[in-house]
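For reference, the structure is listed below as structure tokens.
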Amino acid sequence: MSVRARRTLFPEVVIERDTDTDESSEEDEDEEVENDVVDSDEDEEEEIEDQKVNDDGGSSSVDTKGKKPITISLKKVCKVCKRTGHQAGFQGATYIDCPMKPCFLCKMPGHTTVNCPHRVAMEFGVIPASRKRTLSSLDYGFERQVRHRVPLIKPPFVIPDEVSCAVIRYHSRRVTCLEFHPTNNNILLSGDKKGQLGVWDFGKVYEKTVYGNIHGCLLNNMKFGPENDGMIYTASSDGTVSCTDLETGLSSSLMDLNPNGWQGRNSWRMLYGMELNAEKGLVLVADSFGFLHMVDARANSKIGDSVLIHKKGTKVVGLHCNPLQPDLLLSCGNDHFARIWDMRRLEAESCLHALPHKRVVNSAYFSPLSGTKIVTTSIDNRIRVWDSIFGNLDTPSREIVHSHDFNRHLTPFRAEWDPKDSSESLVVIGRYISENYNGAALHPIDFIDISTAAQVN
DNA sequence: ACTTTATGAAGCC
DNA sequence: TGGCTTCCCTAAAG
């Protein structure tokens, strides 16, 4: 259901409500609003007039020149729709939905988020996968044959006992990406809105390492060097790709899509999706105009022409190479599609499959072990799962309703596979609709079994 | 304690 | 197509 529907579907209900409350709607509401905002009004008449005029601008901040309070019998005013008879908005840590709007979670009318069947049970309306894939010894043997690259061995994670709790503020702006070190459990990298890169060392909590000279703005994506995990590749909205030594912080630029600086927003290219193709020694990045760029990581030179992989002028937000068949590339972006490509014959319009979504796609990943499943996150509040890339890709195998639709200001959530789950059925994603943690509204992290859509805790 | 602003997608004309 | 408006569970800066 589109945003448009929020408005078109509901006026009837609104009218019913109004007649319910016995008040002659429009003016009363205006009074209500005004009364709510300005506590000490004097002149009723003028106030109402003022408000009606100013209402067009939508701003209720119109300050007044000394007016007395209006006494109104009516109960409550909804902060969301400004209508009477109900209240919406935050009440303590809990957000009360406006009943005039479609459900914020599943986008369907007739209920609010609180009683949304998808919220009560995430499995609602989801047909489980016919068979849960588990890794047999045969699978293991098969994968040993097929797998190009043996995954790096990581020692078992042991929580160090010298620190029970530590909070260190690394970033002054919002964090845009996080990455665990592939071999060192103590290290977590974080990128932020200003382009800074934080190196968190769990074993050295009193040291703070932040590199601020790598990028000029949003650090959108990072990947550890496949051959040398002391190096980190980063892509930024400043249009550059950099390679940074984690120890020294020394970085080199691999590519700059805006060599002539700021020439206006119509030409400024921003980089979002990034992926490393270890077999080919390639750095792949995708920009905000729909193009894919390739850089030879060793020779530090651009390879071939840029290829239009999504609708021209739209942002490509994600790139992922298939773990077993790295020539298979998965991309996703703002044109509502995730696309599968064969890198060996890469040109505009040549994608093997286009996976349609109702709205913008935040992420698309092949499953980490077999590479045969795909999970995508779209801001239509649905996680989509394709059980096999060799099967029918016309429609997803499952759509799981989950809260991650929000407008701007925040970095989108991306559902990611749990790399430790050999059955490739566990996915991790941040949730927008908050949960009440002792009075604080916090956004939880959800673990979801994508074969049943059940939440796992 | 208040307002402004950064900022993105979608829908409408 | 482009310009304008709406969406309105943010958070820092002014």
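Within every chain, numbering begins at 1; the chains are lettered A, B, ... in the order of the sequence lines, protein sequences first and strands thereafter. Being a predicted model, the structure only gives us computed values, none of them experimental.
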- Integer-rounded Å distance: B:dA10 P and A:K358 NZ: 14 Å
- Whole-Å distance, A:I433 CD1 to C:dC9 C1', equals 8 Å
- Message: Whether A:K373 engages the ring of A:F366 as a cation-pi pair (distance to the six-membered ring centre under 6.0 angstrom, angle to the ring normal within 45°) should be assessed.
- Response: no
- Message: Quick test of the criterion, 5.5 Å between centres and less than 30° between planes. Is A:H409 stacked on B:dA6 or not?
- Response: yes
- Item | Pairwise C1' distance for B:dT7 and C:dC7, with rounding to whole Å | 13 Å
- Message: With a 4.0 Å cutoff (strictly under), does any side-chain N or O of A:H336 reach OP1 or OP2 of B:dA10?
- Response: yes
- Message: Per the salt bridge (Lys or Arg N to Asp or Glu O under 4.0 Å) rule, what does the pair list look like for residues 282-294 of chain A, sequence neighbours excluded?
- Response: A:R269-A:D287
- Message: Please tell me if A:K193 has a side-chain N or O lying less than 4.0 Å from either OP1 or OP2 of B:dA6.
- Response: no
- Message: Are A:Y95 and A:F104 an aromatic pair, judged by ring center distance below 6.0 Å?
- Response: no
- A:S434 side-chain proximity, nearest of B:dA9, B:dG8, C:dC9: C:dC9
- Rounded distance in Å - CG (A:N334) to C1' (B:dG8): 9 Å
- Using whole Å, report how far CZ of A:R408 lies from C1' of B:dA6. 8 Å
- Query: Rounded to the Å, how far apart are A:D335 CG and B:dA9 C1'?
  - Reply: 13 Å
- Which of the following nucleotides, C:dC9, B:dA10, B:dG8, is nearest to the side chain of A:Y432? C:dC9
- Note on the structure: Of the candidates C:dA13, B:dA9, C:dT10, the side chain of A:R173 sits closest to C:dA13
- Taken to the nearest whole Å, CZ/A:F413 to P/C:dC9 is 15 Å
- Message: Counting only side-chain heavy atoms from C-beta out, which of B:dA10, C:dA12, C:dC9 sits nearest to A:R169?
- Response: C:dA12
- May I ask you to decide if the ring planes of A:Y170 and A:W200 are parallel, tilted or perpendicular, using 30° and 60° as cut-offs? parallel
- Message: Between P on C:dC9 and CG on A:L410, what's the gap in Å once rounded to a whole number?
- Response: 11 Å
- Which pairs pass salt bridge (Lys or Arg N to Asp or Glu O under 4.0 Å) with one or both residues in residues 245-258 of chain A, sequence neighbours excluded? none
- Query: Rounded to the Å, how far apart are A:K101 NZ and C:dT6 P?
  - Reply: 12 Å
- Item | 5'-most by nearest nucleotide on DNA chain C - A:D97 or A:S172 | A:D97
- Query: For A:S403, which contact category applies under a 4.0 Å heavy-atom criterion: base, sugar-phosphate, or nothing?
  - Reply: nothing
